[in-house]
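Have a look at the structure below, then the notes.
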Amino acid sequence: MGDSTRVKVGIVGASGYGGVQLVRLIADHPHLELVYVGGESSAGKAFSDLYPHMDLATNLTIETVDPETIGDRCDVVFLSLPNGLAWKMTPTLLDKGCKVLDLSADYRFSNLDTYQAWYGGDRTDKEVAATAVYGLPELYRDRIKDAQLVGCPGCYPTASLLALAPLLKQGMIVPESAIIDAKSGTSGGGRKAKVNLLLAEADNSFAAYGVASHRHTPEIEQICSDLAGHEVLVQFTPHLIPMVRGILSTVYANLRDPGLVREDLVTIYTAFYRNCPWVKVLPAGVYPQTKWAMGSNMCYLGVEIDQRTDRAIVMSGIDNLLKGQAGQAIQCLNLMMDWDETLGLPQLGFYP
Ligand SMILES: NC(=O)C1=CN([C@@H]2O[C@H](COP(=O)(O)OP(=O)(O)OC[C@H]3O[C@@H](n4cnc5c(N)ncnc54)[C@H](OP(=O)(O)O)[C@@H]3O)[C@@H](O)[C@H]2O)C=CC1
Ligand SMILES: CC(=O)N[C@@H](CCC(=O)OP(=O)(O)O)C(=O)O
């Protein structure tokens, strides 16, 4: 039975990894009621037939995607789809008065030419895209509060930008010297079958991919440029690591002030993130482990300085499906609804 006091929520792409996390988080959220789940190949199946252990979270059946009817039934819609689909349905959802949170790359770029150069597609929603806000609350909280459309960041950009932001914003590093070395578990590639994500391919192996060409590079550069106040290029190398969940992003950059020690960085980072409940700056000498963040919306940051090279080294650990995806989307929605930013989100991870 429906609860008229709760905000009615729909998820398009509910069967995927991001969608499942959203179902779980919405079930635990005090102000949200899931009223619609949509998909393509899973349409017509009960959500609990796909995920039998989640029958307590919802008894909905996955439906086909018709933006008009979704817009009539929902106040808020999460789009957890492959890149290039959200922009085709978002204008209708917004016209219907919905708040829209897109987990794909479609609304992350302030310059659509950049989007089209990396993702393709012939966008016809330029006016709508211009209203989208980049959904990284620690950097754009006030803009997210007023947004009707949020483009939630990618998992690698979330981890990497939270590591770099204090240094860039305060002009402490040479921006172009930034090198981002990031590792992701296989769930980062989504639930759809892909040969490189098979256990027999990914297990006992560890390799870089997308070297000097990964599509998260321009997304990271866009926000770094915004923080630095001028155009910045960065070096970003992702790796696939044989685990399911988690990202560890290690960022290196040349310091402008060679006199700093790591305790200074702890103080600077703690001050920068003092109003951010989802970032935990670790004490000097403590470095994040991905398992701490598994099941939690927290980003753990460890800071270090190599005094031989005068480089800052910052390590950022997140759960790619929570702070890197669905958790961050709920965090953004909390802000858009003027609710506490922590509502309905898990603080502590599953481990140990
Ligand atoms: N995985 C991660 O760590 C992160 C992913 N992202 C982004 O979030 C988005 C979702 O990712 P993820 O959950 O991993 O993806 P999955 O591959 O796990 O899920 C994709 C979902 O999209 C649905 N879908 C695909 N095509 C269509 C279509 N034409 N119409 C309707 N539904 C469709 C699928 O439904 P069905 O099963 O019914 O076919 C499925 O539910 C992507 O844009 C991804 O890049 C962002 C940050 C992190
Ligand atoms: C391990 C793995 O394959 N990771 C994905 C990142 C997924 C993601 O967040 O990307 P978008 O939302 O920008 O598509 C990749 O490198 O393509």
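Indexing begins at 1, ligand by ligand and atom by atom, following the structure's order. Computed from a prediction, not measured in an experiment: that's the story for all the values here.
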Could you list which atoms of ligand 2 come closer than 4.0 Å to a heavy atom of [X]?
X    : answer
N83  : 14 (O)
L240 : 1 (C)
G185 : 1 (C)
G189 : 1 (C), 2 (C), 3 (O), 4 (N)
H214 : 15 (C), 16 (O), 17 (O)
Y119 : 13 (O)

* To do: Between K194, Q325, H216, flag the one that comes closest to atom 11 (P) of ligand 2 by a heavy atom.
  =>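 Of the listed residues, H216 has the closest heavy atom.
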
* Apply the ring-ring contact (aromatic ring centres under 6.0 Å, His included) test between H216 and each candidate in Y119, W118, Y156; give the one that qualifies. =>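 The residue from Y119, W118, Y156 that satisfies ring-ring contact (aromatic ring centres under 6.0 Å, His included) with H216 turns out to be Y156.
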
Return the closest protein heavy atom for [atom] as residue, atom name and distance.
atom                    : answer
atom 6 (C) of ligand 2  : G188 O, 3.5 Å
atom 12 (O) of ligand 2 : R108 NH2, 2.8 Å
atom 9 (O) of ligand 2  : C155 SG, 3.0 Å

* For residues R24 and M54, determine if any side-chain heavy atom of one lies less than 4.5 Å from a side-chain heavy atom of the other. =>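 Yes, side chains in contact.
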
Is the backbone N or O of [Y] less than 3.5 Å from a side-chain atom of [X], with the two atoms forming a donor-acceptor pair by type?
X    : Y    : value
S249 : A159 : no
H239 : A182 : yes
D319 : G295 : yes
Y134 : Q222 : no

* From the options L103, L161, T158, select the one residue that forms a side-chain contact (heavy atoms from CB on, under 4.5 Å) with P153. =>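 Going through the options one by one, the only one that passes is T158.
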
* Asked: Exactly which residues line ligand 1, taking a heavy atom under 4.0 Å from it as the test?
  ->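 Shell around ligand 1 (4.0 Å, heavy atoms): G13, A14, S15, G16, Y17, G18, G39, E40, S41, S42, V65, S80, L81, P82, N83, L85, L103, S104, R108, C155, S187, G188, G190, R191, K192, N320, L321, G324, Q325.
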
* **is_close_aromatic(W339, H29), centroid dist under 6.0 Å** =>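 Yes, the ring centres sit under 6.0 Å apart.
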
* To do: Would you please indicate yes or no on a ring centroid separation below 6.0 angstrom for H214 and F236?
  =>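 Centroid distance F236-H214: below 6.0 Å, so yes.
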
May I ask whether [X] places a heavy atom under 4.0 Å from ligand 2?
X    : result
E219 : no
S104 : no
S184 : yes

* Asked: Under the side-chain contact (heavy atoms from CB on, under 4.5 Å) test, which residues partner D49, sequence neighbours left out?
  ->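 Residues passing side-chain contact (heavy atoms from CB on, under 4.5 Å) with D49: A46.
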
* Within residues 291-309 or reaching into it, pairs that qualify as salt bridge (Lys or Arg N to Asp or Glu O under 4.0 Å) - sequence neighbours excluded ->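 Those involving residues 291-309 are R262-E304, D306-R308.
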
* Heteroatom proximity flag, Y209 to ligand 2, N/O under 3.5 Å ->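 Checking ligand 2 against Y209, an N or O pair does fall under 3.5 Å apart.
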
* **ligand 2 N/O within reach of R215 N/O, cut-off under 3.5 Å** =>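 R215 vs ligand 2: N/O contact under 3.5 Å present.
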
* Only counting residues at least two apart or in another chain, list the ones meeting salt bridge (charged side-chain N to carboxylate O under 4.0 Å, His left out) with D72. =>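 With neighbours one apart ignored, the set is K96.
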
* **Stacked cation flag R108 on Y115, 6.0 angstrom / 45 deg** =>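 Here R108 fails the 6.0 Å and 45° test against Y115.
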
